[in-house]
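Reckoned from all heavy atoms, side chains included, excluding hydrogens, waters and symmetry mates. In what follows, chains are A, B, ... by sequence order, proteins preceding strands, each numbered from 1.
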There are 2 protein chains.
Amino acid sequence: MTTERAGLRERKKQATREALREAALRLALERGPENLRVDDIAEAAGVSPRTYNNYFSSREQAIVAGITAQRESRVAGAVAARSAQTPLSDAVIDAVVGQHTEPAESERDGMLLIATNPALRAAYTDAVTSIEQPLADAIGERSGADAMTARVLAASVAAAVRVALREWLQPTDSGLVVPAGSLPDLLLSALAPLRAALDAV
Amino acid sequence: MTTERAGLRERKKQATREALREAALRLALERGPENLRVDDIAEAAGVSPRTYNNYFSSREQAIVAGITAQRESRVAGAVAARSAQTPLSDAVIDAVVGQHTEPAESERDGMLLIATNPALRAAYTDAVTSIEQPLADAIGERSGADAMTARVLAASVAAAVRVALREWLQPTDSGLVVPAGSLPDLLLSALAPLRAALDAV
DNA sequence: CCTCAAACTTGCGTGCACGCAAGTTTGCGC
DNA sequence: GCGCAAACTTGCGTGCACGCAAGTTTGAGG
């Protein structure tokens, strides 16, 4: 649906990208991120190490992509799906919270892995940046706001999500980093201050 | 004023940090970033290469820090300096715009350097992240908002500044990357959508 | 003044990111 | 079908970031 009429070239690229992130996540889960070399990921995906680096610019990025893949398009889609009568703030907040309320069984252990590794935590929170562009498009489409405003609002939403995620993943003083508290609730608190801005367009 | 009664330890650390960023910027200007090795920066600052990496985690970060140093504390200070009657939005926006309206002669050629190098551009826009913490403190202090709200607002302001900077530094189709247009005006446009959120606290 | 633990520096080793300059594949236009 | 330009892959080389485990410095308490 996103790739209407894609050439062989594009389909192959997506396949390679998916093979890489799938391999990265699977191997990281199997043997732990510390025992995983970039060459292993490349080999498991059937490409050269150099090619791996054409797709991801860090090992953590590849592993995390195994979990966050497509989240960007889903958030944008969820915003667009809300009826035009819905206030923008509700549309955006519902969409964002909804996409993060999916302890989808298959992602459970992945999140645990991320929570226990500082480098992965950082990569994970950074990954929300990828929703900015599609979200800006969706906001602009829906509200008719000018491009700069849409970009700023999208970037602010992403920033709020990062704040919530960092809070969620913050190591407690006991050293444990088990996602405590409800992520949806944290997201709602973090996004609340942006309601006024979102509805002002 | 920031370092009230600092021990020798802390003063030495600051001195080292400043020596490193000053050396990085100076050398980058002299011979261009491509002809500048990390070892050169370390040597010029009188520390080992390994120590250099204890202070900066990328060459670009060190160079850019030569220009953005202390901007974080100045922004926070500028916010705090505005009278308590001023609406928060005015205080924050004036402070941010004010800090970026300083083509301080000495920074002129530094900005030109940054504008012409993609890696430096990225590092420069990333560097605004450093204002988040102090700005959040200032916002919390001033408005009495809860910690999460203050963090989100500060992060949103930083995000807006990044959008403006990226726009400002965007390579034109002619390939030239000369900061075209007025940065203050771009910042005002980027920050405008956040007014409602800032004044809602 | 002396001691000692915590903080900081440093050398070493390892894995990594990425520019560059070939090879190889894709798919458009004839 | 054919040829060719653009896109993608790959090997190589270089510089770099960072963990680790010594040394070294700092400064608080006795």
Item to check | B/T51, nearest nucleotide to its side chain (from D/dC8, C/dT10, C/dC16) | outcome: C/dT10
Checklist entry - Regarding B/T149 and B/D146, is there a side-chain donor-to-acceptor distance under 3.5 Å anywhere? => result yes
Next on the checklist: Does A/E43, at its CD atom, have more than 12 non-hydrogen atoms belonging to other residues, nucleotides or ligands within less than 6.0 Å?
Outcome noted: no
Checklist entry - Between B/D40 and B/R31, is there a side-chain N and carboxylate O pair less than 4.0 Å apart? => result yes
Item to check | Pair B/R162 + B/D126, salt bridge at N-O below 4.0 Å | outcome: no
What is the separation between atom [atom1] on [X] and atom [atom2] on [N], rounded to the nearest whole Å?
X	N	atom1	atom2	result
A/R59	C/dT14	CZ	P	16 Å
A/E43	D/dT10	CD	C1'	15 Å
B/Y52	C/dC8	OH	C1'	18 Å
A/Q14	C/dT26	CD	P	16 Å
B/E34	D/dT14	CD	C1'	14 Å
A/Q61	C/dA17	CD	P	9 Å
A/L36	C/dT14	CG	P	19 Å
A/D39	C/dA17	CG	P	10 Å

Item to check | Smallest separation among heavy atoms of B/R142 and B/P87, with atom names | outcome: NH2-O, 4.5 Å
Item to check | Heavy-atom pair with the smallest gap, counting every atom of A/N117 and A/P33 | outcome: ND2-CG, 3.7 Å
Taking [Y]'s backbone N and O only, do any of them form a donor-acceptor pair with [X]'s side chain (distance below 3.5 Å, no angle check)?
X	Y	value
B/S182	B/D185	yes
A/R121	A/A115	yes
B/T101	B/V97	yes

Next on the checklist: Is A/Y55 close enough to D/dT9 that one of its side-chain N or O atoms is under 4.0 Å from OP1 or OP2 there?
Outcome noted: yes
Checklist entry - Along nucleotides 25-30 of chain D, 5' to 3', which nucleotides get a B, which get an S, and which get a -, given that the test is a protein heavy-atom distance under 4.0 Å? => result BBS---
Item to check | Along DNA chain C (nearest heavy atom to each residue), the more 5'-positioned of B/P49 and B/K13 | outcome: B/K13
Sub-3.5 Å pairs of nitrogen or oxygen atoms, protein against nucleotides 18-21 of chain C:
| from | atom 1 | to | atom 2 | distance (Å) |
| --- | --- | --- | --- | --- |
| C/dG19 | N7 | A/R50 | NH2 | 2.8 |
| C/dG19 | O6 | A/R50 | NE | 2.4 |
| C/dG19 | O6 | A/R50 | NH2 | 3.4 |

